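Here's the structure, in structure tokens; my notes come after.
What you see is a predicted model, and the numbers here were worked out from it, not measured in a lab. One-based numbering, in listed order, for ligands and for the atoms of each.
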Amino acid sequence: MTKALKGVRILDFTHVQSGPTCTQLLAWFGADVIKVERPGVGDITRGQLQDKPKVDSLYFTMLNHNKRSITLDTKNPKGKEVLTALIKSCDVLVENFGPGVLDRMGFPWEKIHSINPKMIVASIKGFGPGPYEDCKVYENVAQCTGGSASTTGFRDGLPLVTGAQIGDSGTGLNLALGIVTALYQRTVTGKGQKVTASMQDGVLNLARVKLRDQQRLAHGPLTEYSQFGEGIPFGDAVPRAGNDSGGGQPGRILKCKGWETDPNAYIYFITQAAVWEKICDVIGEPGWKTHPDYAKPPARLKRLNEIFGRIEQWTMTKTKFEAMDILNKDDIPCGPILSMKELAEDQSLRATGTVVEVDHPERGKYLSVGNPIKMSDSPTEVKRSPLLGEHTDEILRQVLGFSDHQVKEIHDSGALDPPRKIAAE
Ligand code: CAO
């Protein structure tokens, strides 16, 4: 079976997390992804959060599957020649360098476009044009500046960052979509274009419902927030709403059997209006089906603490999985809080390839998250990440067509070695 992006070649200048998630997805769809890394160092994540000495970290291996690695000093004159050849033979250049790095390297958009007018140049930056455009950005900076942190956490606590990497992996997804869209447009125009995705924009896009609430606030309190039922006035900005649901159906995280010792013995429970009567039966409050204080959603909004307190009395008598089974029989929306341990051991996620075991020559077997997007005609095989520079000669010869003599010249030039330190005079 063929792969959707077979024949597309990517010059992958990405590092850390945001960019590599994008190119990993493209590689899973079949693109030939050539990761260009600094000689001797490589992507900095190879050596970060290492669990085994001198072995590529899980941080790196889990973000760089299915790619080939070439080391190249792009500040060396011969290195620049090799980079120019790569630009000529690739369809897309993807980068998430700090602002201005590509220009300082001597490869601004205009130059790349003149070398290869069909090339798509795709970039992730922390911010779009504006006061912060020159700033370097990491995940939590994006969460804080994109509206996520100010709306996450409890009203009386600090702003919180989430564990899901919405700034990095979220923006990587946006860029991947931009790239395939530009590839599609190129089939009509024959031209490349610039594609940019900023991490602040990406986070704000995911925090869209909170911008919705910001505008609703001008017309009165946000009645589905617990704060409303508690009689606490709203300020002029959307507050943190704890575990309240972001939609129109009130929800909460509730304790389940074992919560005293298990930090994940909880379930998310949604009091969807359509199944309210079933909820009343399950928790043993049939009288609430007709009682004017509970029967209709607007009446319940003022009593969410009391209602969820009563539901929790019931969930505490069940494990999260027992509660899930019982509630799902009645179509009551809920979800157990699954730990990473439980997800790692989940056999259904293994069966779909969402959790995969990968073998690596230096670290042995490890688990990774596979392709979250499933296509019936472009299946994903997850292949281990490359060692630093593992494919340098292969790329010089097979992709760029350099002769033995030329390859020797490139080696002799120092373009494939770490820059030599010049002794102080
Ligand atoms: N050969 C020679 N030099 C190379 C090279 C190569 N193959 N690859 C990279 N370099 C050089 C660059 O040219 C640059 O040099 P100058 O600063 O002298 O021009 C240098 O490496 C550093 O690049 P950088 O600014 O991208 O890296 P950093 O570690 O200082 O910053 C980061 C990292 C992530 C903060 C920054 O890249 C950034 O803001 N990126 C955009 C936002 C982003 O993607 N953030 C997500 C990070 S994951 O949380």
Short N-O contact, [X] and [Y], less than 4.0 angstrom:
| X | Y | value |
| --- | --- | --- |
| Arg300 | Glu306 | no |
| Glu381 | Lys3 | yes |
| Arg216 | Glu224 | yes |
| Asp359 | Arg384 | no |
| Asp56 | Arg363 | no |
| Asp325 | Lys329 | no |
| Asp12 | Lys67 | yes |
| Arg68 | Asp32 | yes |
| Asp404 | Arg397 | yes |
| Lys194 | Glu110 | no |

Can you list the atoms of ligand 1 that are under 4.0 Å from a heavy atom of [X]?
| X | answer |
| --- | --- |
| His15 | 26 (O), 27 (O), 33 (C), 37 (O) |
| Val16 | 47 (C), 48 (S) |
| Glu139 | 49 (O) |
| Asp73 | 1 (N), 2 (C) |
| Ile124 | 41 (C), 44 (O) |

Shortest protein heavy-atom distance from [atom], along with the residue and atom involved:
| atom | value |
| --- | --- |
| atom 30 (O) of ligand 1 | Lys136 NZ, 2.3 Å |
| atom 20 (C) of ligand 1 | Arg38 NH2, 4.3 Å |
| atom 18 (O) of ligand 1 | Lys75 NZ, 3.1 Å |
| atom 26 (O) of ligand 1 | Gly98 N, 2.8 Å |
| atom 40 (N) of ligand 1 | Asn96 O, 2.9 Å |
| atom 19 (O) of ligand 1 | Arg104 NE, 2.9 Å |
| atom 45 (N) of ligand 1 | Val137 O, 2.7 Å |
| atom 46 (C) of ligand 1 | Asp168 OD1, 3.3 Å |

Judged on heavy-atom distance to [atom], which of [options] sits nearest?
| atom | options | value |
| --- | --- | --- |
| atom 43 (C) of ligand 1 | Lys80, Lys125, Met199 | Met199 |
| atom 23 (O) of ligand 1 | Val101, Leu63, Thr74 | Val101 |
| atom 29 (O) of ligand 1 | Tyr138, Phe13, Phe97 | Tyr138 |

Any Gly126 heavy atom less than 4.0 Å to ligand 1:
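Contact present.
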May I ask you to check if ligand 1 and Leu72 share an N or O to N or O distance below 3.5 Å?
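Indeed, backbone or side chain, Leu72 has an N or O that close.
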Is the Phe127 ring parallel, tilted or perpendicular to the Tyr132 ring (thresholds 30°, 60°)?
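Ring orientation of Phe127 relative to Tyr132: tilted.
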